[in-house]
Undergrad: 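After the structure tokens below, expect a handful of questions from me.
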There are 2 protein chains.
Amino acid sequence: MTVGRRAGSYVCGVDAAMDVIGGKWKVLILWALHMRPHRFGELRRELPGVTEKVLAAQLRELEADGIVHREVYEEVPPRVEYSLTPRGETLNEALEPLGAWGKANVLAEPVPAEPIG
Amino acid sequence: MTVGRRAGSYVCGVDAAMDVIGGKWKVLILWALHMRPHRFGELRRELPGVTEKVLAAQLRELEADGIVHREVYEEVPPRVEYSLTPRGETLNEALEPLGAWGKANVLAEPVPAEPIG
DNA sequence: CTGCACGCTTCCCCAGGGGTAACCACCCAC
DNA sequence: GTGGGTGGTTACCCCTGGGGAAGCGTGCAG
């Protein structure tokens, strides 16, 4: 398994990780799969503005990097479920501090002064 | 202070943070400034392949996002020093788990099969 | 006078990641 | 037969981020 597309040319771990999560929708996919497995259409509906082509491409890259697992059910209407691999779950855990930072420093921006509590 | 360029349209904290660190060289800049303040030329020499134009642009964005501090010394040969703001330092701390993940899962790749344990 | 070093800025150009839309194969409901 | 929903693929286009190279203003070295 080769993780990342720039194999071998990384300066440091963060650099390498950025290559894996660098797609426009990847962290949102991880965020969605963090909750529960998703079907393709579910993901598409939850990511505002993503197209099938791009979603499929990002999922394929994440799959190639061993982050998501793709399970095909040979059923009457074809069903495919995407879930996090163990490696994907550890990645999501590693992203949590970053998410907290973003929430505190980017999302919660219009803070005039001290929070009340 | 408005952090990020997509202000207000973020899905979650990770998404927002990715907007701040999304440039090609930004995490490497953070990584370098993590150690000590750097002059422009120092940074350029430490980042293999970055051009002045791009380095200046990334630094400006990081400055606009309150991540790096730019100190100009009105000296004989103009001198400029870049350092992390407190917010930049917390960002770097939030990136550490991601760096560890990348080091373990991307850099240390030649793992043949199952881990022994 | 020329050149270099500093820390940029400006202009131009290119690749590629992402967006748009159509199509596919299957089955069911209408 | 038509349309909708499943999960895609393919072809094409476009925009933006990034790369290349040169200029700028100052002062010193040669």
Side-chain angles (χ1 to χ4, degrees), chain A residues 4-7 9-11 15 18-30 32-33 36-65 67-83, chain B residues 4-7 9-11 15 18-30 32-33 36-65 67-83:
Chain A
R5 264 137 266 93
R6 259 165 58 203
S9 66
Y10 301 110
V11 172
D15 184 26
M18 288 297 296
D19 189 29
V20 173
I21 60 174
K24 183 169 180 181
W25 304 94
K26 288 188 182 173
V27 296
L28 300 183
I29 293 172
L30 292 186
L33 296 186
R36 58 193 158 86
H38 278 67
R39 303 184 54 178
F40 185 87
E42 278 182 317
L43 277 173
R44 187 158 69 93
R45 282 184 291 272
E46 286 190 22
L47 305 189
V50 74
T51 64
E52 290 107 335
K53 173 203 153 189
V54 173
L55 178 56
Q58 306 258 314
L59 283 169
R60 259 158 225 301
E61 290 190 2
L62 287 173
E63 191 195 357
D65 286 346
I67 306 299
V68 309
H69 171 67
R70 182 169 183 265
E71 184 82 34
V72 182
Y73 298 89
E74 304 284 0
E75 295 178 358
V76 182
R79 186 160 67 96
V80 180
E81 272 196 359
Y82 294 92
S83 55
Chain B
R5 264 137 267 90
R6 261 165 56 203
S9 67
Y10 301 111
V11 173
D15 184 26
M18 287 299 294
D19 189 28
V20 172
I21 60 174
K24 183 168 179 184
W25 304 94
K26 287 189 183 173
V27 296
L28 299 182
I29 293 172
L30 292 186
L33 296 186
R36 58 192 160 86
H38 277 67
R39 302 184 54 175
F40 186 87
E42 277 181 318
L43 278 174
R44 189 158 69 92
R45 280 184 291 271
E46 286 190 21
L47 305 188
V50 74
T51 63
E52 288 110 336
K53 174 205 153 188
V54 173
L55 179 56
Q58 308 259 312
L59 284 170
R60 260 159 223 300
E61 291 190 1
L62 288 173
E63 191 195 357
D65 287 345
I67 307 299
V68 309
H69 171 68
R70 181 169 183 266
E71 184 82 34
V72 183
Y73 298 89
E74 304 284 1
E75 295 179 358
V76 182
R79 186 161 67 98
V80 180
E81 271 196 358
Y82 294 91
S83 55

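Everything numeric here is computed off the predicted structure, so don't read it as measured data. Naming: A, B, ... by sequence-line order, numbering from 1 per chain.
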Undergrad: Can you list everything that forms a side-chain hydrogen bond (donor to acceptor under 3.5 Å, both in side chains) with A/E61? Sequence neighbours excluded, please.
TA: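 Testing A/E61 for side-chain hydrogen bond (donor to acceptor under 3.5 Å, both in side chains), a comparison that skips the adjacent residues, returns A/K26.
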Undergrad: Can you name the side-chain hydrogen bond (donor to acceptor under 3.5 Å, both in side chains) partners of A/R70, sequence neighbours left out?
TA: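 A/R70 satisfies side-chain hydrogen bond (donor to acceptor under 3.5 Å, both in side chains) with A/Y82 once adjacent residues are dropped.
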Undergrad: Taking only the side-chain nitrogens and oxygens of B/Q58, find out if one of them lies under 4.0 Å from OP1 or OP2 of D/dG18.
TA: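 Yes, B/Q58 has a side-chain N/O under 4.0 Å of OP1/OP2 on D/dG18.
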Undergrad: With sequence neighbours excluded, tell me which residues meet side-chain contact (heavy atoms from CB on, under 4.5 Å) with A/D15.
TA: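 Result, side-chain contact (heavy atoms from CB on, under 4.5 Å) vs A/D15: A/R6, A/Y10, A/V11, A/C12, B/L28.
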Undergrad: Excluding sequence neighbours, so at least two apart, what forms side-chain contact (heavy atoms from CB on, under 4.5 Å) with B/P37?
TA: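 Applying side-chain contact (heavy atoms from CB on, under 4.5 Å) to B/P37 gives B/E81, B/S83.
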Undergrad: For the helix from C/dC1-D/dG30 to C/dC30-D/dG1, what angle separates the axis at the start from the axis at the finish, each from five pairs, in steps of 10°?
TA: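 Between the first-five-pair axis and the last-five-pair axis there is 30°.
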Undergrad: Tell me: CG of B/L28 to C1' of D/dG18, nearest whole Å?
TA: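 In whole Å, D/dG18 C1' and B/L28 CG are 14 Å from each other.
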Undergrad: In whole angstrom, give the distance that lies between atom NZ of A/K24 and atom P of D/dG17.
TA: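 Nearest whole value for this atom pair: 10 Å.
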Undergrad: Quickly work out the A/R6 CZ to C/dG17 C1' distance and round it to whole Å.
TA: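 The distance from CZ of A/R6 to C1' of C/dG17 comes to 15 Å, rounded to the nearest Å.
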Undergrad: C/dT20 C1' sits how many Å from A/L55 CG, rounded?
TA: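 Rounded to whole Å, this separation is 15 Å.
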Undergrad: Please name all residues satisfying side-chain hydrogen bond (donor to acceptor under 3.5 Å, both in side chains) with A/E71, sequence neighbours left out, ordered by chain then number.
TA: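 If we apply the side-chain hydrogen bond (donor to acceptor under 3.5 Å, both in side chains) test to A/E71, skipping adjacent residues, the hits are A/H69.
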Undergrad: Give the B/S/- string for nucleotides 4-12 of chain C, one per nucleotide from 5' to 3', where a protein heavy atom under 4.0 Å of the base yields B, of only the sugar-phosphate yields S, and otherwise -.
TA: --BSBBBBB
Undergrad: So what does A/T51 touch, heavy atoms closer than 4.0 Å: a base, only the sugar-phosphate, or nothing?
TA: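 Base contact.
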Undergrad: Roughly how many Å is it from CG in A/L62 to P in C/dG17, rounded to a whole number?
TA: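 My rounded result for the distance is 14 Å.
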Undergrad: Go through the structure and list residues passing side-chain contact (heavy atoms from CB on, under 4.5 Å) with A/A56, not counting sequence neighbours.
TA: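 Here the qualifying residues are A/F40.
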Undergrad: Could you tell me which residues satisfy side-chain hydrogen bond (donor to acceptor under 3.5 Å, both in side chains) with B/E42, sequence neighbours excluded, listed by chain and number?
TA: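 Partners of B/E42 under the side-chain hydrogen bond (donor to acceptor under 3.5 Å, both in side chains) test: B/R36.
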Undergrad: CD1 of B/I29 to CG of B/L59: how many Å apart, nearest 0.5 Å?
TA: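 That separation rounds to 4.5 Å.
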Undergrad: Rounded to the Å, how far apart are A/L43 CG and D/dT6 C1'?
TA: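 Interatomic distance, CG of A/L43 to C1' of D/dT6: 14 Å.
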Undergrad: Nearest whole angstrom, please: distance from the P of D/dG18 to the CG of B/L47.
TA: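 Result: 13 Å.
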Undergrad: For B/R39, which of B/R45, B/R44, B/R79 qualifies under side chain to side chain contact (heavy atoms under 4.5 Å, CB included)?
TA: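 Exactly one candidate clears the test, B/R79.
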